[in-house]
Amino acid sequence: MKFTAIDFETANASMLSACSIGVVEFENNVPVRETITLIRPPEEYNKFNWYNVRIHGIKASMVKHAPTFDQVWDSIRSSIENQTVICHNAAFDTVVLCKLLEYYGIPIPEFDYVCTVKVSQLIWPEMENHKLDTVCNDLHIRLNHHEALSDARACGLIFAEALKSQHCSEIRELMDALTMRAGHVSASGRSSCSTSEETRRKLLSEKKKQESRRRYFASRHLSAADKPVPKKGAKPS
């Protein structure tokens, strides 16, 4: 069984300001290949916000001669394409990845992905919260928080612990055990990683919207029917 854990750090609030990426390939729940690289953001997105710098310690001067994402992609593509990608808060990391690929005109690869925030919420609901550092502390996983390689490795180890805790030898088994659906990315779009409860709430919300629209158009139809029909030849008032 294989999966790949990834983590991005960004220079500012823009998804296109990625300044570092960590990629860790796992086989049978063990890290077997690790990659970390600084990334030089596109010029229009390369302003380093003081808050982000305080979090990850990466400064503009450190990425001045770093490769741009399109130059990095070839070295990590095989770790992601047609793989299951694991992220802690996958809604962030997978969107950053897709935005970067779109920006540089690189074809979007196909892959599944799983969010370990959602996995940990289902398996260990008793935790104080499900931030990466909290989960790692409770599971005794070493972490140098906000260093991309350490975050990616820790995320993969959390997923490995989740598999073990549910006695699952395959990712699909774990998804079934937790009644989760893995997210999916391809050239045709992106579907989210979701739990059965999130799916239920989404369906209920859509049902309420459809019912609201039905009542709205029904009321408009009744209002139109109640208006008097002008007599033939009558002048409008």
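None of the values given here were measured: they were computed from a predicted structure. In this chain, residues are counted from 1 in sequence order. We use all heavy atoms of the structure for the numbers below, so side chains are in, but hydrogens, waters and symmetry mates are not.
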Would you mind reporting whether [Y] and [X] have side-chain heavy atoms less than 4.5 Å apart?
X: Trp50; Y: Ile55; value: no
X: Ile39; Y: Gln71; value: no
X: Cys136; Y: Ile158; value: yes

Between the main-chain N or O of [Y] and the side-chain N or O of [X], is there a donor-acceptor pair closer than 3.5 Å?
X: Asp112; Y: Thr84; answer: no
X: Asp93; Y: Asp7; answer: no
X: Glu81; Y: Ser78; answer: no
X: Lys118; Y: Thr195; answer: no
X: Ser186; Y: Ser188; answer: yes
X: His56; Y: Thr10; answer: yes
X: Asn12; Y: Lys47; answer: yes
X: Glu102; Y: Lys99; answer: no
X: Ser150; Y: Glu147; answer: no
X: Thr68; Y: Arg40; answer: no

Lys/Arg-Asp/Glu bridge criterion (N-O < 4.0 Å) met for Glu25, Lys2: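 Not counted as a salt bridge, because no side-chain N and carboxylate O are separated by less than 4.0 Å.
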Gap between atom CG of Asn28 and atom CG of Leu163 - 0.5 Å precision: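 Here the rounded value is 10.5 Å.
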Evaluation steps, side-chain contact (heavy atoms from CB on, under 4.5 Å), between Tyr103 and Phe69: CA-CA 10 Å; Tyr103 178 87; Phe69 179 78; over 6 Å; no
Intermediate values then yes/no, side-chain contact (heavy atoms from CB on, under 4.5 Å), His130 and Thr116: CA-CA 9 Å; His130 296 85; Thr116 48; over 6 Å; no
Phe92-Phe8 aromatic ring centre distance below 6.0 Å: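 No, the ring of Phe92 stays outside the 6.0 Å limit from the ring of Phe8, centre to centre.
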Reference residue Phe3; test side chain to side chain contact (heavy atoms under 4.5 Å, CB included); the match among Asn29, Val85, Val24: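 Single side chain to side chain contact (heavy atoms under 4.5 Å, CB included) partner of Phe3 among Asn29, Val85, Val24: Asn29.
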Enclosure of Glu44 CD (heavy-atom neighbours >12, cutoff 6.0 Å):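 Enclosed.
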